[in-house]
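Take a look at the structure below.
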Number of protein chains: 2
Amino acid sequence: MKERSVYKLQPTLEEAYNLLEEDLSKKRFIIVVGLCRVEYAGRASSKLDWGERVLLIKQDGSLLLHRPKGFEAVNWQPPGSIFTLKQEDEYLLIKSYRKEYRETLNIAFKEIMLLASIKLEDEAEFEMHLSEDEMYESITLNPDLLEPGFRILSQQRRLDAGVVDFTGYDSLGRYTIIEVKRKTVDVKAVKQAYKYLTEFRSKGASVRGIIAAPAITTEASRLAASLELEFKKVDLSRCRIAYKRHMKNSLLGAADESNHKPNL
Amino acid sequence: MKERSVYKLQPTLEEAYNLLEEDLSKKRFIIVVGLCRVEYAGRASSKLDWGERVLLIKQDGSLLLHRPKGFEAVNWQPPGSIFTLKQEDEYLLIKSYRKEYRETLNIAFKEIMLLASIKLEDEAEFEMHLSEDEMYESITLNPDLLEPGFRILSQQRRLDAGVVDFTGYDSLGRYTIIEVKRKTVDVKAVKQAYKYLTEFRSKGASVRGIIAAPAITTEASRLAASLELEFKKVDLSRCRIAYKRHMKNSLLGAADESNHKPNL
DNA sequence: CCGTGGATCTCGTGA
DNA sequence: TCACGAGGTCCACGG
């Protein structure tokens, strides 16, 4: 462990103060579990009375305070905030200040059950698949995912009403515009697609309109039908396969790069 | 501490397995610091190779995995997800499954530096001031915050295009609709407000349109001007004062209720 | 259950 | 730096 980590159970507030001071300057990942009270002021303001919580302070100056329940942190500070420590009466005060919004977060600890600080190493690259971009990409590479025989004319074509994802001809040669959504289509998405369709038709074009997505809500489906917009179910796992096949092939072409490792 | 918490430094994976099994069944707040690899599949899918991270598992089944940097968790699971443990080869596998979206999150630990689990108690109520609701409330209580002499006719009135925050008459007796935003108005907000205005005017009414907010972007300002929508700057601190005054007064009137405490 | 809008949203991208 | 749009957004509230 060689100085990389410090753990302390039930430290006194003074011990905690001294440890935290070093942790913050050494920019370690800090975990504090204890009884605290919180005040926030900035874009809004909040108060939270005494309770047992888990505080995370990261090496980049981000802060998260978690209550025993719920996905979201109850109070936080994004990266880059500045910390100051104070010992006051019976409390250990951790103050965090964020310049951009002039936001302050004050946490007063009355009792600390655990203080841990560690220098963490994590250079891995986070790979997210099937973002909206990649869904488009997989369709571009394989328009049959939309409809057998579909030929793409344009992508991300700008209109007055916005940007339409695809235009092209279907297997019967009909001019078609396609709006792609990665997730369940709601009425909002249908209305947007209808705007595009209207814009084309107002220019006198005979256009077929398609919304392509993995799913659609019942109400959106009803609206789409009444607007003569077709819904096409797109299978995400098929997109995934098409995309991976593409990545693999393009990686083969750039195999030299795939062997690179960071120097660290 | 009486069984309330368990801390273990550098546990073997087998020790960790046994401890985690009990922690999960006892629904303790769990903190794991260690070297892990992550895979997620559900609405999207992601992969994260080996690295040192901090895992939080809460008593309500929410999960957060944090890297050494950044505000956001790299992977997560909202409350209610279900966990299973497995020991496989050299790894301790923590699986989390979320029914709603059929999402799975698999975390494989190769080494654990710290395992802590605690039964946390936190019954405090989180008080947030100056949410959008409270901004409305303060304006309702004191319409002069918008414009001296303004009289409110309706609040949150439903239209086809959405819900308009206020309608009423200004000091000159002109029928006016008001859209309130708690933060900087952007073009999107202006367009929305314009929809409301259009709906009223399409019914033949002569209507004045106002957007009230603490600030407006330059472009939104330009758009508002061209659409004949007025921007009214609302001072948040004045809202705050008005709101607090109201809360104080209403608390005086409901003093008996303020003494209630939950039975727990 | 779906649908809508807000958030101390955060975070990227582009002008 | 500002403005705008996306997010595995999450979350609360309405119908």
Side-chain angles (χ1 to χ4, degrees), chain A residues 38-47 62-65 70-81 96 98 100-105 126 128-133 135 162-163 181-192 214-223 236, chain B residues 38-46 62-65 70-81 96 98 100-105 126 128-136 156 158 161-163 165 179-192 215-223 236:
Chain A
V38 196
E39 284 176 6
Y40 154 78
R43 285 166 293 182
S45 65
S46 72
K47 260 190 194 183
S62 42
L63 178 155
L64 299 147
L65 184 73
F71 164 81
E72 291 180 317
V74 64
N75 284 107
W76 69 89
Q77 210 67 289
S81 65
S96 160
R98 188 189 176 199
E100 290 92 318
Y101 289 90
R102 294 184 189 176
E103 287 181 306
T104 56
L105 183 61
F126 182 67
M128 170 70 90
H129 305 287
L130 278 172
S131 64
E132 188 136 336
D133 284 352
M135 186 174 170
V163 177
K181 291 287 167 192
R182 199 183 51 73
K183 51 182 183 176
T184 304
V185 171
D186 56 19
V187 287
K188 211 170 178 176
V190 174
K191 286 175 184 169
Q192 188 60 32
I216 187 168
T217 67
T218 50
E219 198 166 340
S221 177
R222 222 174 294 140
L223 180 61
L236 270 190
Chain B
V38 196
E39 284 175 7
Y40 154 78
R43 285 168 291 183
S45 67
S46 72
S62 41
L63 178 155
L64 298 146
L65 184 72
F71 163 80
E72 290 181 316
V74 63
N75 283 108
W76 69 90
Q77 210 66 290
S81 64
S96 161
R98 188 188 177 200
E100 290 92 319
Y101 290 88
R102 295 184 189 174
E103 288 181 304
T104 55
L105 183 61
F126 182 66
M128 170 69 91
H129 304 288
L130 275 173
S131 65
E132 187 137 336
D133 284 352
E134 289 168 335
M135 186 174 169
Y136 289 136
Q156 302 294 316
R158 295 215 164 220
V163 177
D165 291 324
E179 178 69 8
V180 177
K181 291 285 167 193
R182 198 183 51 75
K183 51 181 183 176
T184 306
V185 171
D186 56 17
V187 287
K188 209 171 177 178
V190 175
K191 286 175 184 169
Q192 189 59 32
I216 188 169
T217 67
T218 50
E219 199 166 341
S221 176
R222 221 173 295 142
L223 180 61
L236 271 190

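Residues forming a salt bridge (Lys or Arg N to Asp or Glu O under 4.0 Å) with B/R222 (at least two apart in sequence, or on another chain): none. Remark: A/E72 engages no residue in a salt bridge (Lys or Arg N to Asp or Glu O under 4.0 Å) (not counting sequence neighbours). Taking the salt bridge (Lys or Arg N to Asp or Glu O under 4.0 Å) definition, one finds that B/E134 meets it with nothing, sequence neighbours left out. Here A/R182 pairs with nothing under the salt bridge (Lys or Arg N to Asp or Glu O under 4.0 Å) rule; sequence neighbours left out.
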Determine, for nucleotides 5-15 of chain D in 5'-to-3' order, which nucleotides have protein heavy atoms under 4.0 Å from the base (write B), from only the sugar-phosphate (write S), or from neither (write -).
--SBSSS--SS
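Interatomic distance, CZ of A/R98 versus CZ of A/R43, reported as 5.0 Å (0.5 Å rounding). The OG atom of B/S96 sits 11.0 Å away from atom CG of B/L65, with the distance rounded to the nearest 0.5 Å.
Along DNA chain C, the nucleotide closest to B/V163 and the one closest to A/G42 are compared, and the more 5′ of them pairs with B/V163.
For the pair A/V38/A/V74, no side-chain contact is recorded, criterion being any heavy-atom separation below 4.5 Å from C-beta on. Using a 4.5 Å heavy-atom threshold, the side chains of B/E103 and B/Q77 count as touching.
Rounding to whole angstrom units, CG of residue A/L65 and P of C/dC9 are separated by 18 Å.
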Contact list (N/O, under 3.5 angstrom) for nucleotides 13-15 of chain C vs protein:
none

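When the P atom is used for both D/dG8 and D/dC4, the distance is 23 Å, rounded to whole Å. Nucleotides C/dA7 and C/dC11 have their C1' atoms positioned 14 Å apart, rounded to a whole Å.
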